[in-house]
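What follows is a single structure, written as structure tokens, with notes after it.
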Amino acid sequence: MTDSFHAGRIPLTVIGGFLGSGKTTLLNRMLQANDGRRQAVLVNDFGAINIDASLVSARGADMISLANGCICCQIGGDLTDALIRVIDSKPKPDAIVIEASGVSDPWRIAQVSLADPALALDGVIVLVDVTSVLAQVADPLLADTVDRQLRAADLLVLNQCDRADAETLAAVRAWFDKHLPDTPRFETRFGEVPVALLGGALSHATRDTAHGPHCAAGCTHTDHDHSHDHAPDHGAQFDTWSFSAPGVFRADALRSLLRAMPPGVMRLKGVVRTDANAWAVLQFAGRHGSLRAWPATMPHPDDATDNTLVAIGLRGQLPTMALEQALRESLRAARGL
Ligand SMILES: Nc1nc2c(ncn2[C@@H]2O[C@H](COP(=O)(O)OP(=O)(O)OP(=O)(O)O)[C@@H](O)[C@H]2O)c(=O)[nH]1
């Protein structure tokens with residue numbers, strides 16, 4: 001944003017959206033499309049190991065990894081410290097992008113920029129997995145988290161449209177027409193959004209209405225001095241579990257796990273070595289899983305690096321023993337290769 005309101009301030013964009021909706025995919029597109037601006041990227045993963053930090057192509061950007069908890073619960077803590085470091089760095093970045101964890105409330109993160117005169121909120125972009133969102137908003141255990149994310153958006157990116165049939169897409173459109181009729185939305189796959197839409201120009205035109213349901217009448221979101229209701233501590237709602245071990249996985253064993261994931265795993269992702277691809281990226285979200293060779297565009301992990309995986313599920317529902325067993329068995333099967 002270059003208008004007079006933002007003069008001298010660093011524009012900040014927050015990317016939010018539920019677990020596995022496509023935030024890192026969109027962030028990578030934004031970074032690849034970078035027009036030479038100096039960008040600082042803050043990446044937050046809920047787990048103890050920040051897998052996303054390895055999956056972000058931060059070439060030409062300074063990246064700060066924030067793991068072990070969700071940053072909307074760390075206002076005044078790690079997030080604020082990281083932002084102060086970025087603001088004070090020399091040369092200053094031209095823009096800051098924060099990828100929230102999949103359980104964060106992006107509006108709470110965006111509020112940091114409203115409170116700091118060095119920052120100007122450029123927009124809150126919220127990714128939506130169109131194949132899962134209707135189930136999520138209907139699930140009493142997830143609805144509050146997802147609803148807050150959707151209502152925080154200046155732009156809703158209805159992602160993963162390649163996976164949805166026409167009926168699902170029609171139902172999703174009808175839901176958004178009914179519940180968030182004023183928030184601009186863009187339907188796409190793999191976070192393919194025109195850069196002009198991501199540049200922030202969209203946000204201030206829509207901000208007053210986009211957050212309406214959160215706010216008391218008259219809130220403009222540029223001078224926040226009244227309090228919003230606060231999301232519950234996500235540490236209390238979600239469990240995370242990490243796995244780290246040396247060795248080589250059998251790719252077919254990992255694929256079997258992806259096809260028959262133990263119930264309770266909402267998200268599993270990791271950086272693994274397999275007998276098929278050397279380094280690979282494992283992803284599972286909702287009902288979909290993939291095991292893909294390491295992207296050629298990203299720096300390879302060091303060969304001494306351990307396999308690392310992180311799982312997330314609702315508190316008390318994460319089947320950590322079953323996961324541990326399945327992963328250990330897949331590793332054992334590869335010994336001696
Ligand atoms: N088919 C399909 N897959 C997608 C699309 N967008 C993302 N994916 C895949 O979905 C998985 C999750 O994408 P990410 O970008 O890591 O999602 P995320 O929101 O950053 O995930 P968390 O940070 O764990 O919440 C990856 O395997 C992506 O390649 C899409 O539009 N279509």
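Note that ligands are numbered from 1 as they come in the structure, with each ligand's atoms numbered from 1 the same way.
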Closer than 4.0 Å to some heavy atom of K269 - which atoms of ligand 1 meet that?
22 (P), 23 (O), 24 (O)
Which is it for T24 and ligand 1 at heavy atoms under 4.0 Å: side chain, backbone, both or neither?
both
Rounded distance (nearest 0.5 Å) linking atom CG of L314 with atom CZ of F238
5.5 Å
the protein heavy atom lying closest to atom 31 (O) of ligand 1 turns out to be F190 N, 2.4 Å
Shortest protein contact, atom 10 (O) of ligand 1 (heavy atom only)
Q160 NE2, 3.9 Å
Of all the non-hydrogen atoms in the protein, which one sits nearest to atom 26 (C) of ligand 1, and at what distance?
Q283 CD, 3.6 Å
T188-ligand 1 polar pair, N/O distance under 3.5 Å:
no
Going by atom types only, do T308 and D306 share a side-chain donor-acceptor pair under 3.5 Å?
no
Between the side chains of D252 and R259, is the shortest nitrogen-to-carboxylate-oxygen separation below 4.0 Å, so that they form an ion pair?
no
Look only at interatomic distance and state if R189 has a nitrogen or oxygen under 3.5 Å from any nitrogen or oxygen of ligand 1.
no
Protein residue, atom and distance nearest to atom 19 (O) of ligand 1, heavy-atom basis
K23 NZ, 2.7 Å
Just to confirm my output: which protein heavy-atom neighbour is closest to atom 32 (N) of ligand 1, and how far is it?
D162 OD1, 2.8 Å
Can you name the atoms of ligand 1, numbered from 1 with element, that are less than 4.0 Å from a heavy atom of S290?
27 (O)
Least distance between heavy atoms, G316 atom then D239 atom
N-OD2, 2.8 Å
Using distance alone, decide if ligand 1 has a nitrogen or oxygen within less than 3.5 Å of any nitrogen or oxygen in G20.
yes
among protein heavy atoms, the one nearest atom 29 (O) of ligand 1 is R292 NH1, 3.6 Å
Below the 3.5 angstrom mark, is there an N/O of G191, backbone or side chain, next to an N/O of ligand 1?
no
Charged N to carboxylate O below 4.0 Å: is that the case for D81 and R85?
no
Can you tell me the protein heavy atom closest to atom 15 (O) of ligand 1 and the distance?
T25 OG1, 2.5 Å
Rounded to the nearest 0.5 Å, what's the gap from CZ on R189 to OG1 on T25? Could you check?
11.5 Å
Report, in ascending order of atom number, the atoms of ligand 1 lying under 4.0 Å from any heavy atom of E99.
20 (O), 23 (O)
N-O pairing of R151 and D147 below 4.0 Å
yes
Report the nearest protein non-hydrogen atom to atom 17 (O) of ligand 1: residue, atom name, distance rounded to 0.1 Å.
G22 N, 3.2 Å
To the closest 0.5 Å, what do you measure between CE (M30) and CD1 (I15)?
5.0 Å
Out of R267, R163, H288, whose heavy atom sits nearest atom 21 (O) of ligand 1?
R267
Which residue from V130, V157, N159, L158 reaches closest to atom 6 (N) of ligand 1 through any of its heavy atoms?
N159
Could you walk me through whether R328 and Q325 pass side chain to side chain donor-acceptor pair (under 3.5 Å), step by step?
CA-CA 5 Å; R328 294 264 167 224; Q325 188 184 347; over 6 Å; no
When rounded to the nearest 0.5 Å, the distance separating CG of L254 from CG of D275 is 8.5 Å
Report the distance from atom CG of D154 to atom CG of D122, rounding to the nearest 0.5 Å.
9.0 Å
